[in-house]
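The figures here come from the full heavy-atom set of this structure, side chains too, leaving out hydrogens, waters and symmetry mates.
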Amino acid sequence: MEEPAEVRVGRGQRLIEAVREDLELFGVAELEERIEVLQSEIARVNAQIDRKRAGRAAADALFGAGPG
C-alpha cells in the first residue's frame, strides 16, 4: 500500500489562512502571543528586504543601473 503523498502548500498559503482565523476564539494571552509572533515576522521580512535592496544596490554599482 502506498503512502499518501505530502500535500504541497502554496507559497504564503499558511499566512493567508492565519489572517482569516476567527480572533474571537482566542484569549487575551493568545492574542498577545500572536502579536509578538507577527512583530517578529515583520522584523524578519524587513531584514530580508534590506538584504535584497543591498544586493541590488551592489549589483547596480558594479554593472550600472539598468533601464527604468
Side-chain angles (χ1 to χ4, degrees):
M1 185 170 187
E2 290 184 38
E3 294 200 19
E6 283 188 36
V7 176
R8 294 187 67 144
V9 178
R11 187 182 304 179
Q13 186 62 36
R14 289 192 175 105
L15 178 61
I16 291 168
E17 291 170 4
V19 299
R20 290 181 178 165
E21 284 183 308
D22 184 359
L23 298 179
E24 288 292 326
L25 304 175
F26 293 89
V28 172
E30 291 169 313
L31 291 169
E32 290 171 340
E33 181 181 353
R34 187 179 180 106
I35 288 171
E36 288 176 19
V37 169
L38 290 169
Q39 288 172 333
S40 176
E41 180 63 4
I42 289 168
R44 188 174 80 97
V45 170
N46 280 328
Q48 184 65 32
I49 289 170
D50 292 344
R51 284 191 293 276
K52 287 182 177 279
R53 284 184 176 153
R56 178 60 188 244
D60 286 347
L62 183 60
F63 299 110

(message) Can you give me the closest heavy-atom contact between E30 and L25, atom names plus distance?
(response) OE1-O, 4.3 Å
(request) Decide yes or no for E21 and E17: does some side-chain heavy atom of the first lie under 4.5 Å from some side-chain heavy atom of the second? (result) no
(message) Between E41 and R44, does any side-chain N to carboxylate O distance fall below 4.0 Å?
(response) yes
(request) Given side chain to side chain contact (heavy atoms under 4.5 Å, CB included), test I49 with N46 step by step and report yes or no. (result) CA-CA 5 Å; I49 289 170; N46 280 328; 4.2 Å; yes
(message) Nearest 0.5 angstrom please: R11 CZ to I16 CD1, how far?
(response) 12.0 Å
